[in-house]
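By convention in this document, chain letters (A, B, ...) are assigned in the order of the sequence lines, proteins followed by strands, and residues within each chain are numbered from 1. If you're wondering where the values come from, they're calculated on a predicted model, not measured in any experiment.
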Amino acid sequence: MDRDGHTLWPGSRQAWCPSSPVYREHALALTTALAQRYHGHPALALWHVSNEYACHNLPCYCDSCAAAFRRWLHGRYAELDDLNDAWGTAFWSQRYTDWDQILPPRRTTTFSNPTHVLDFSRFGSDTLLDFYRAEKAVLNEYSPGVPVTTNFMTLTHFRHLDYHEWAPEQDVVSTDHYVIESLEHPRAELAFGADLTRGLSGGRPWLLMEHSTSAVNWQPVNRAKAPGQTIRDSLAHVARGADTIGYFQWRQSRSGSEKFHSALVPHAGRDSARFREVCELGAIAARLGELKGSTVEADVAILWDYQAGWAASGPAMPSADLEYSLTGQTVHRLLRDRGITADLVHPSADLTAYRLIVVPTLYLVRDEHAAAVAAAAEAGAEVLVTFFSGISDESDHVRLGGYPGAFRDLLGVRVEEFFPLLTGETVPLSEGTGRLWSEDVTATSAQVLSTYAAGPLAGRPAITRREVGSGSAWYLSTLPDEQTLTSLLEQVTSAAGVVPAADVAPGVEAVRRRGEHGSWLFLANDTRTDQTVAVSGHDLVADQPVGPVVLRPGGVAVVREA
Amino acid sequence: MDRDGHTLWPGSRQAWCPSSPVYREHALALTTALAQRYHGHPALALWHVSNEYACHNLPCYCDSCAAAFRRWLHGRYAELDDLNDAWGTAFWSQRYTDWDQILPPRRTTTFSNPTHVLDFSRFGSDTLLDFYRAEKAVLNEYSPGVPVTTNFMTLTHFRHLDYHEWAPEQDVVSTDHYVIESLEHPRAELAFGADLTRGLSGGRPWLLMEHSTSAVNWQPVNRAKAPGQTIRDSLAHVARGADTIGYFQWRQSRSGSEKFHSALVPHAGRDSARFREVCELGAIAARLGELKGSTVEADVAILWDYQAGWAASGPAMPSADLEYSLTGQTVHRLLRDRGITADLVHPSADLTAYRLIVVPTLYLVRDEHAAAVAAAAEAGAEVLVTFFSGISDESDHVRLGGYPGAFRDLLGVRVEEFFPLLTGETVPLSEGTGRLWSEDVTATSAQVLSTYAAGPLAGRPAITRREVGSGSAWYLSTLPDEQTLTSLLEQVTSAAGVVPAADVAPGVEAVRRRGEHGSWLFLANDTRTDQTVAVSGHDLVADQPVGPVVLRPGGVAVVREA
Amino acid sequence: MDRDGHTLWPGSRQAWCPSSPVYREHALALTTALAQRYHGHPALALWHVSNEYACHNLPCYCDSCAAAFRRWLHGRYAELDDLNDAWGTAFWSQRYTDWDQILPPRRTTTFSNPTHVLDFSRFGSDTLLDFYRAEKAVLNEYSPGVPVTTNFMTLTHFRHLDYHEWAPEQDVVSTDHYVIESLEHPRAELAFGADLTRGLSGGRPWLLMEHSTSAVNWQPVNRAKAPGQTIRDSLAHVARGADTIGYFQWRQSRSGSEKFHSALVPHAGRDSARFREVCELGAIAARLGELKGSTVEADVAILWDYQAGWAASGPAMPSADLEYSLTGQTVHRLLRDRGITADLVHPSADLTAYRLIVVPTLYLVRDEHAAAVAAAAEAGAEVLVTFFSGISDESDHVRLGGYPGAFRDLLGVRVEEFFPLLTGETVPLSEGTGRLWSEDVTATSAQVLSTYAAGPLAGRPAITRREVGSGSAWYLSTLPDEQTLTSLLEQVTSAAGVVPAADVAPGVEAVRRRGEHGSWLFLANDTRTDQTVAVSGHDLVADQPVGPVVLRPGGVAVVREA
């Protein structure tokens, strides 16, 4: 049932609501039958449970989920008054006096309570995780030792599940990724998703369960891949830590809902450029076996937290234009443009090894995670925090006394009020322009690097830096234009001692994987002219010695470095 | 239940449908309890009943409302055939033969009957007004003599209630107003709402129950107020007749749905520019006490009728681009730009004191109201009627024989057919251009001031004037560009002998309040340069003598005139 | 019930679902009563059954329709496994094991099965056709020999019914047409609808049941007709085969849902330019009686198939921008711009008499229809096939081995993959540019006329031609800009020996009707200057001899040729 009270599945006789006992029993019975049949099969290498959890059945607002939500809340809050406090029900007379009064955040005629909505997202993710654990337990019982995984969906905008809670339950982290060609930077989004998957995998190699050889069929217009792009997109995942790459689908179906989704063998058959490129990729893959188990080099961490994203997307926020992923993706892309790879990690991750830590729009943050960021700066890291970070705590209660509450002391700034910019509006800075957001910043102990040059905040700080221990903490109170942001990132990475994987022109992607016995530099040329990169070794794509590498437009190389 | 048949409140256990007896009993019991507890409290000055009636529960299409609607119709129409005549049910074989056949205008697969829809709007407003009266009766019983009010919402686009029916039930008219920064002219809209509130209050001072010190949280992007704007927006309401200004909310909440709505005390605390400006406003307010009871000077009336707006927004109209408020707001804004204040009054208001009466898009009009407008012209007023006025009667039956039926004789024109312009389309006039609308006008006894210069109506009259008694009646058959309309308004006001409150540059707002013992000129500078206004006296904002006043950009003054 | 499970008629007590036995009984009882009352009336010339079938009650997803759908499927598929094969239920584990498991394609959380959706469209059309047949049987019983018709809606975008199935049941084909002024080419759409109606009528004269004298009231902005346009639009239908033209409505209603729909007698009354133009049209019509029974000359056939349109509009297609009618309408319009009239006919039509056959986006096609097209080329016709034709069979199963499956051999091309262009994207061709679509074409036995000049397909064929028997087959793999397409159509028509009805400038419409005793040339001037056409005879509009005709802007002539 959706939040308007409509049944989500009028088209199916078997409701597969995530809280339905019937659905669960049915699924576990099927899994048991499969496990019984195949547990001893010699080809059994890995169990893949279900498919793209949550893609089609979350959120669900039905009565079964309402009851399950109440049970989940009972587990989270010992007393009903703890829930009342967390949800701030004193406001708008929303106080609950009985657990049975609680419903999912269904449609109302005004805004839902934001912490109610946040807990409902947590509940949804936990409910399906519990389902997955039950399926996994069956498989572990019948085939102990055989690894189990389920395919995540690390496309940037799929955020129904908190994969940081799910990852520890995977014997190997696996994911699906499809390129969205209508994005402004589709390949940067692919890299973001891959780096996020590696972050979920704790840096260890991971498995790309699904991607496509060419067009998909579920976008409004489904662009096909250009010649060479099947190979290049696949290697882009390998560069960022995938040790396996899979596809949907083997043979393009003649009928049904995905007949216009590309495949390894297209409708045209084996006598086709697409199938020949797939075969060529197979030959390359055979040469890449030596990379198995190697890991990706990254000195930069960008923090990513699904729960912060849920809270930042809550009802009645300062600006609907501030999409959670926007600042993180922008920083990631501009670093990638300079050949710098970043790990996307949870705020609870071990940050000690990173030279630069980016905290983008981390609206909701726990005290201990904010403290870990401060400690990293103290210990020598550069920390770059963007606007709308550190605002609220785990219950989405605003930290009072001036924004950005949890990072105020670290950054040496105090913000009295947000000044979001209207859609399309920009504000001049002392260097460059800002968009999306501005703030009434006072530099309490920070150095001012850039100021607002006009408007209601004219003369106030826009970008600041504060020296902290042996590191420093930078604050961005607006989203600068790309040239200004690139220049700032150059300052920050220079201060951090972060260097590119290779000295490349803008538009050439460079990522390094390193193993026990060597290193491999992945290169891809996104520009329209030939590009030369000063690296020597053996190119596993062309299967020939190189030094330097000359990349044709669209060309790729995987150089075993000499 | 909405018109698609969805429950409006799946998220609440207690349906607060306006016709629900349970809800009504519950609300009256609460009111009784409050009245019993506080009726003797020494601080009790005024009862504020409920909050923003209709904002969240109208229209409702449920079965309870269906039954109540039938009862209401029974009260309006003595016989079922009177209803059949009023609704024109002969068309499309919609004839009702039993009251029980009548439903709310729920979703159908084609257009609803427009008079059915219009009566349903009347029913909704009346139902809540009846509810309010019941609440008020309880309060009057327990604390006779203590005034009672409920906060209207005189934002231009909130039109669920016919406040002209509600106003007589208020011991003091009160309203809420929030600035919509994404509008093209947000401050003109504020002025429009304030003048409308004053019109509802019969010219007497009124109470601004709620507005905000800075950003709200329910718009897509919520812009904060610039320095000084908290003071200026508040005084803008005082200028137009408010004797009290209130805010939502005192202390900015940490959690819940309105935690990003501004407050008197922001999240940052008292050590903030916003709180300091609030304190400064407090000091100014202390000096404004002398204005209490004074009234606003206006020689212009602009007619405003919620019911005409409902009918003009009905199904299957000539142009969806013709929003009811558009022409009235445009005229109001251009007059304000010249320092001329207008009252927004109901067509039934006493028009005898006005020198200029504007009739903007008064689609539906009663015979007696059209006659009053004609009588005013006869008696010497200038009357300016815009297109799509006087078209239908109280049952939304079109007046035959040529548009604009009810005003045809007064204006001396006859329109054979509407020629709405497509979105973005314009038509050249002999002077300037028209947009939105054009018409096939014949000047039967009017003088032609401007003609269509191209298109299917080339050479036909666009703007006319007819001398009537000692006044005259002007007709606008299109919406001219702003320069042309400004120039026309100069002719009309000049003919009417209407003069600005002060001689100000465009972009400087000037409004005068006058009391028994003096007058006060409110000035506000919307331009980007200093502005000088030739007025002498004592400025209550700066608390110093002035003559002339020099206003900085964004500056305000309230001058007790010498 | 719509596919989200909402009741379609909460506003009506009597559900008129197309499968409802109650509705059917009720309608047949009414028809019987009418037939009993009027069957002997001397004025009875023709029965018009119901009104605009399907406009307001299709598709319906309710339980009654679900049961009727299952019965219909039982009739179409002998065994359940035939249905499973046709729908490709092996994919996504959708296999049905009992007829009762089948539902209408209601809302699901992902794409519906496309063949399921296609069959549901077929079912809807058949269900109402069965209803119509039952109504007609009643009328035939009471008044044998009196012709019966129902009004189609041959506006291009109304496609709920397969009128090619309905046409054989009409004693005279009738239709409704309303001009959509917001279209880029509203009068070309009128001509398309009229030519489609003539195609449905097998070339015989037809009846225009409804159109309007001026504005309608159901578009967002309803533009009125310019002076002369009432006459011109009516004659445009006569030119293309209408022998009768009717209007909605006689007298403009004062109330109800269509009070702002134009009429023969407007609100202004008989003293109006509109009514005078209607009277003038009446006088012209009296002179046009001599055309009765004459037919329209056309050497070009454009194939049109509602079922191909349904399939092409199915879920999860390569490009949502590829609207079924787009290519056919574009070719039709550009031919019309040159004075060439085309018949819009079903793929099963007899094609032997046509010199040029256009196959636009005929996504789904039966083997025998593709064979008929090939046979026509073999016999000497020019055939022009556009992209996304011949892709799937009657069950919407893709024809493997390379697109465009059914036409691959005829065209001598093989397409390996579609490369749809993003919205707004264009691709340069060796001459001109392409938009909307591109493809990876190999010319297996065709001559390459134009190639892609950039992008992933640079150098590959874009437009080809293959000589076939005494005709040839042209293939368009993209939608060229209008100038390039016009130039191509000149080549194709020249090869086919197709000539214009008259030698006219672009923007002058020319259509010829021919009867046993003569011919009539219809001319209309869409340009802004006078146009001279070299034709001699008697103009029935001006009722005077002409030779040549000089047409004022907007002028029309119907010349009985000397």
Around atom [atom1] of [X], are there more than 12 heavy atoms of other residues, nucleotides or ligands at under 6.0 Å?
X        : atom1 : answer
B:Arg270 : CZ    : no
B:Arg251 : CZ    : no
B:Tyr247 : OH    : yes

**Message:** Going by ring pair (Phe, Tyr, Trp, His ring centres under 6.0 Å), name the residues that satisfy it together with A:His116, two or more places apart in sequence or in a different chain.
**Reply:**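 Expected list: A:Phe69, A:Trp87.
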**Message:** Quick one: does any side-chain atom of A:Ser319 pair with a main-chain N or O of B:Val221 as donor and acceptor, under 3.5 Å?
**Reply:** no
**Prompt:** For A:Met317, does its backbone N or O pair with a side-chain atom of B:Asn217 as donor and acceptor, under 3.5 Å?
**Reply:**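 The answer is no, because no donor-acceptor pair under 3.5 Å joins these two groups.
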**Prompt:** So, for B:Arg254 and A:Asp393, which heavy atoms are closest and what is the spacing to 0.1 Å?
**Reply:** NH2-OD2, 4.1 Å
**Request:** Identify the heavy atoms of B:Ser257 and A:Pro114 that sit nearest to each other, and give their distance.
**Result:**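 Taking every non-hydrogen atom into account, N-CD, 3.7 Å.
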Rounded distance [0.5 Å steps], [atom1] in [X] versus [atom2] in [Y]:
X        : Y        : atom1 : atom2 : result
A:Thr442 : B:Asp271 : OG1   : CG    : 8.5 Å
A:His397 : B:Lys259 : NE2   : NZ    : 8.5 Å
A:Thr110 : B:His56  : OG1   : NE2   : 4.5 Å

Do [X] and [Y] touch side chain to side chain, with heavy atoms closer than 4.5 Å?
X        : Y        : result
B:Phe260 : A:Ile391 : yes
B:Ser255 : A:Ser395 : no
B:Glu258 : A:Phe91  : yes

**Item:** Greatest number of heavy atom pairs closer than 4.5 Å to chain A - which of B:Cys55, B:Ser253, B:Ser272
**Value:**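 Looking at each of B:Cys55, B:Ser253, B:Ser272 in turn, B:Ser272 comes out on top.
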**Request:** Please determine, among B:Pro266, B:Ser214, B:Ala226, the option with the most heavy-atom pairs under 4.5 Å with chain A.
**Result:** B:Ser214
Which of the residues [options] is involved in the greatest number of heavy-atom pairs with chain B at under 4.5 angstrom?
options                                : result
A:Ala320, A:Gly88, A:Gly401            : A:Gly401
A:Pro456, A:Pro318, A:Gly405           : A:Pro318
A:Leu422, A:Asn113, A:Thr115, A:Val415 : A:Leu422

**Message:** Less than 4.5 Å to any heavy atom of chain B: does that hold for the side chain of A:Ser112, its backbone, both, or neither?
**Reply:**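 The backbone, not the side chain.
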**Request:** Apply the test side chain to side chain contact (heavy atoms under 4.5 Å, CB included) to residues B:Arg223 and A:Glu425: give CA-CA distance (whole Å), side-chain angles for both, the deciding distance (0.1 Å), then the verdict.
**Result:** CA-CA 11 Å; B:Arg223 192 204 279 269; A:Glu425 192 183 8; 3.2 Å; yes
**Request:** Just jot down the salt bridge (charged side-chain N to carboxylate O under 4.0 Å, His left out) partners of A:Glu417, sequence neighbours excluded, or say none.
**Result:** B:Arg274
